[in-house]
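To find a chain, count down the sequence lines: A is the first, B the second, and so on, and within it residues start at 1.
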Amino acid sequence: MFSYIVKRLLWTIPTLFGVTLLVFSMVHLTPGDPAAAILGDKANKQSIADLRAQMGLDKPLYEQYFIYIKNLSHGDFGKSANSNEEVMSEFKDRFPATVELSMVAMFFAVFLGIGAGIISAVKRYSIFDYGSMFGALAGVSMPVFWLGLVLIYFFSVKLGWLPVSGRLGYEFDIDHITGFYLIDSLLAKDYEAFWDALKHLILPAIALGTIPMAIIARMTRSSMIEVMKEEYIKTARAKGCSRFQVIFIHALRNAMMPVVTIIGLMLGSLFAGAILTETTFSWPGIGKWLVNAVYQRDFPVIQSTTLIIAIIFIIVNFIVDLLYAFINPKIRLG
Amino acid sequence: MKNLLEVKNLKTFFYSDAGVNKAVNDVSFEIPKGKTVCIVGESGSGKSITSLSILRLIDHPGVIEGGEVILDGKDLLKLSDAQMRKIRGREISMIFQEPMTSLNPSYTVGYQIDEALRLHQKHLNKKQRFEKVVESLDLVGIPDPREKYREYPFKLSGGQRQRVMIAIAMACEPKLLIADEPTTALDVTIQAQVLDLMKELQDKKGTSILFITHDLGVVYQIADEVVVMYKGHIVEKASAQELFKDPRHPYTKALLHSIPIPGVTPRKSKLDTVDDDVDYLSFPKEIR
Amino acid sequence: MENLLEFIKQYKKNRAAVVGFIVVVLLLLTAIFAPIVAPYSPNIQNLADRLIPPMWDAKGVSSHILGTDDFGRDLFSRIIFGSRISLMVGAISVGVSLSFGLIMGIVAAYFGGKTDLFIMRIVDIMLSIPAILLAIVIVSILGPSLFSAMTAIGIVGIPTYARIVRSSVLAEREKEYVIASRINGSSNFRLMFVVILPNCASPIIVQATMGFASAVLEAAGLSFLGLGAQPPTPEWGAMLSDSLQFITTAPWMIFYPGLAIFLTVLSFNLMGDGLMDVLDPKLKDK
């Protein structure tokens, strides 16, 4: 198991190198001089040259890359070109919002997806099966931003049950201890704020969780169907196991292996999907921030958010691989 | 001699767009106490479906259409699902052809044997069950049973896995063990060991065995009674001795002539093949 | 010919896939004949007719089937013309992904060794960044436009095709007919593209169909974010982003463009599902 972890850890090095290289070269691939772009049309040559020197753009490329990596390793992600704020400090403010939304969405997707997948597999060819598999295909075809708008229209505008946008009503004020409002409000024992934060989360989480839910449902179903054909299922039945025991003890554990992998892969794309959802619901997370940065060509922000999301994606995949190894005795002991 | 199990007029059909496949069509035979009955036939003859029907493990699109399976005076086909579960693994257990895939890869060997005890011998506590599992691993000839308890199936060889399967099947000391081609996937030397083990357990525990195989060599080694199946029907039924000495049905004869059986087939005799063009069902059944 | 009939027979078994196919054909016809089908020009503004609800909701008579937007443009006509853009985006993006992915996959699998390792490492790195994020990075380099969006989506799709092509070429490479052709003196190029490639067509066709669906979806997403098609282009995603502020007053501006995206993507996915059943049953749900 230890050698597996080390091997898997070494695999991430070239990936990290590639990602930093890509993010680093963004500035240089962009047409035009970044210094001139920042200073605008009226800048004279001297001030552009000064800024270039200040930004280190006059040094050779490999040296610039080296400096970039050195700064990154100190946690220095640079300053926003527009607000002149440290990228990292604003990132810290916004990141919990995205994580909270993604986690709730994933929770929703995993439970409903696996549940629907199991029932579909067990009641194969039933109306439930056809219905949920069509639903799953519709789910992956769904423009999430549109789903978000339709949900807002029905549940917020028409019915008035849930808030239209944001994370928390203005009347609430809670200490940002963890940055996760659900947890912070509970820590402050402010249950009304908790309820309000939860209400704000429901619609964006459904919108964001729909595609992963559909994928998980399909994957669970096909994996369960494959596993139910295995000989060891027949063995379990011949032993006298009930249908429930066969499904939940003998089939599910084996069927979950590919599902765990896909869930891990989707965690990363969930952060990315949050970009669209956050825009729809004015959710103050990194997705919305990133989009604004692209409008304003604020490269330090684009670079840092991209890099951080990619790194999180890599870490999550690493953890998922470990988890996979853990539930699969062949890798754990082999 | 008293019969443990009687199968009467069993019919199991499979339905599809292409029509009805009468996989088991009006099959009757008996299994005497403590004896070994072999069902022989080619693939597709319905022998495996017959054995699965006894345990009612037939899945959609298969349906048991009729007949009786009588164990100790009660008809298994009339039991509720819950009652049937108490039969499986306790009164009748079953082992399968592929030892590589018939154990669950996610659980330890010990867990899988223990599960049978947990299902059917609820009066035992954890410690007693552990001792019984170790005992049964020892009984089927697995070395270091205490160590092997914690082993996962992928660490064991094919022969050892089949031994574990037998340990699971024998854990609750069933009256009948159904073995569906249990040696087909094994090397010849391992085959003989597994057959010896089954015979040994039969002698010790008095278990009846229903053995499904296409291999007449195996039949010759272990059978007391033989049932020959062909396309869903029984074409000949006889004691092993009679069958090998004096096969009567043309299909049985063809089968016997198609492979050499040590001790039966005379040396240098010519081998023949089963002729696909002959409709063996047109000959009268030979039930002795 | 017989193969084609057999193919149609098998495909027809999947009812949903047939519906998907019909919708795709209708969509194609709509796009081609957009100027004839659409009652109005998509970009003509008529401020007197602003925010008219769809016909069935409009009190009094209205000639705007799905109503009008905040500039008084006919929504139905804009959606009709939007089909041209979505189909074009799908076709070009898939074209980019497919051609690069095909070459990378086939070269990696055919030459193996270090070439394979190098190409697949690049593929892994690209896959280690979530697709829409990578697309946004590319768009921010090129500057927001429909062209940037198509290029970005095309590039983002490359690794998926490269992987699929590679694995099917690997499976084919050692087969007898390839070895026979090699013994007969076929060049590398001929072996790769003439001998092996046609036998890998099934999974590629399935992926291209599904890829078309996701390209349309991603392009709409980028345009919704304001990073793709720019106003006044009648692009479905961009139309949605314009209508955000009218959600309480003119919800039809939100429903119908989104519905168009959903139905288009769903139809291509249904078609891909049906093709998978017929061409590559093993691939199903993988």
Seminar exercise, completed: Counting heavy-atom pairs under 4.5 Å with chain A, the top scorer among C:G237, C:A16, C:P144, C:A220 is C:A220

Exercise. Tell me, side chain or backbone of A:L290 under 4.5 Å from chain C's heavy atoms, or both, or neither?
Worked result: side chain

Problem set entry | Residue selection (most heavy-atom pairs with chain C, distance under 4.5 Å) from A:P143, A:A310, A:S223 | A:P143

Problem set entry | Which of C:I138, C:L134, C:I132 touches chain A most, by non-hydrogen pairs under 4.5 Å | C:I132

Exercise. Where does C:A213 contact chain A at under 4.5 Å (heavy atoms): side chain, backbone, both or neither?
Worked result: neither

For this session: Mind checking the CZ-CG spacing from C:F224 to A:L149? Nearest 0.5 Å is all I need.
Result: 5.0 Å

Seminar exercise, completed: Those residues of residues 276-288 of chain A that come under 4.5 Å of chain C on a heavy-atom basis, listed by number, are A:L276, A:T279, A:T280

Seminar exercise, completed: Okay, A:I311 and chain C: the region with an atom under 4.5 Å from a heavy atom over there is neither

For this session: Let me know if C:L127 has heavy atoms under 4.5 Å from chain A in its side chain, its backbone, both or neither.
Result: backbone

Problem set entry | Structural part of A:F313 lying under 4.5 Å from a heavy atom of chain C | side chain

Exercise. Which atom names give the shortest non-hydrogen contact between A:A138 and C:L266, and what distance separates them?
Worked result: CA-CD1, 3.7 Å

Seminar exercise, completed: For C:I125 and A:T15, the nearest pair of non-hydrogen atoms, with its separation, is CG1-CA, 3.9 Å

Seminar exercise, completed: dist A:T305:OG1 -> C:L133:CG (nearest 0.5 Å) comes out at 7.0 Å

Problem set entry | From OG (C:S140) to CD (A:Q303), nearest 0.5 Å | 9.0 Å

Problem set entry | Within-4.5 Å side-chain heavy-atom neighbours: A:S141 and C:L217 | no

Problem set entry | Enclosure of A:Y295 OH (heavy-atom neighbours >12, cutoff 6.0 Å) | yes

Exercise. Could you give the distance from CD1 (A:I302) to CD1 (C:I136), rounded to the nearest 0.5 Å?
Worked result: 9.5 Å

For this session: Check each atom of C:L270 against the heavy atoms of chain A and say whether the ones under 4.5 Å are side chain, backbone, both or neither.
Result: both

Exercise. Is the count of non-hydrogen atoms from other residues, nucleotides or ligands lying under 6.0 Å from A:K7 atom NZ greater than 12?
Worked result: no

Exercise. Does C:F147 CZ have over 12 foreign heavy atoms under 6.0 Å away?
Worked result: no

For this session: Can you label the angle between the A:Y153 ring and the C:F255 ring as parallel, tilted or perpendicular, going by 30° and 60°?
Result: perpendicular

Exercise. Where on A:V19 is there a heavy atom nearer than 4.5 Å to chain C: the side chain, the backbone, both, or neither?
Worked result: both

Exercise. Quick check: does any side chain N or O of A:W146 sit under 3.5 Å from a backbone N or O of C:F262, one acting as donor and the other as acceptor?
Worked result: no

Problem set entry | Region of A:F134 that comes under 4.5 Å of a non-hydrogen atom in chain C | side chain

For this session: Mind checking salt bridge (charged side-chain N to carboxylate O under 4.0 Å, His left out) for C:R163 and listing every partner two or more places apart, or none if nothing turns up?
Result: C:D124

Problem set entry | A:K158 NZ to C:T248 OG1 distance, which is reported to the nearest 0.5 Å | 11.5 Å

Exercise. Between C:I261 and A:F145, does a side chain to side chain contact (heavy atoms under 4.5 Å, CB included) hold up when you go through it step by step?
Worked result: CA-CA 11 Å; C:I261 304 171; A:F145 44 98; 4.2 Å; yes

For this session: Look at atom CZ of C:F100 and say whether more than 12 heavy atoms of other residues, nucleotides or ligands are closer to it than 6.0 Å.
Result: no

Problem set entry | Straight-line distance of A:Y130 OH to C:R15 CZ, nearest 0.5 Å | 10.5 Å

Problem set entry | A:F77 atom CZ, over 12 foreign heavy atoms within 6.0 Å | yes

For this session: Go through the atoms of A:V164 and report whether side chain, backbone, both or neither lie under 4.5 Å from a heavy atom of chain C.
Result: neither

Problem set entry | Other residues, nucleotides, ligands: >12 heavy atoms within 6.0 Å of A:F91 CZ | yes

Problem set entry | A:I127, CD1: over 12 other non-hydrogen atoms inside 6.0 angstrom | no

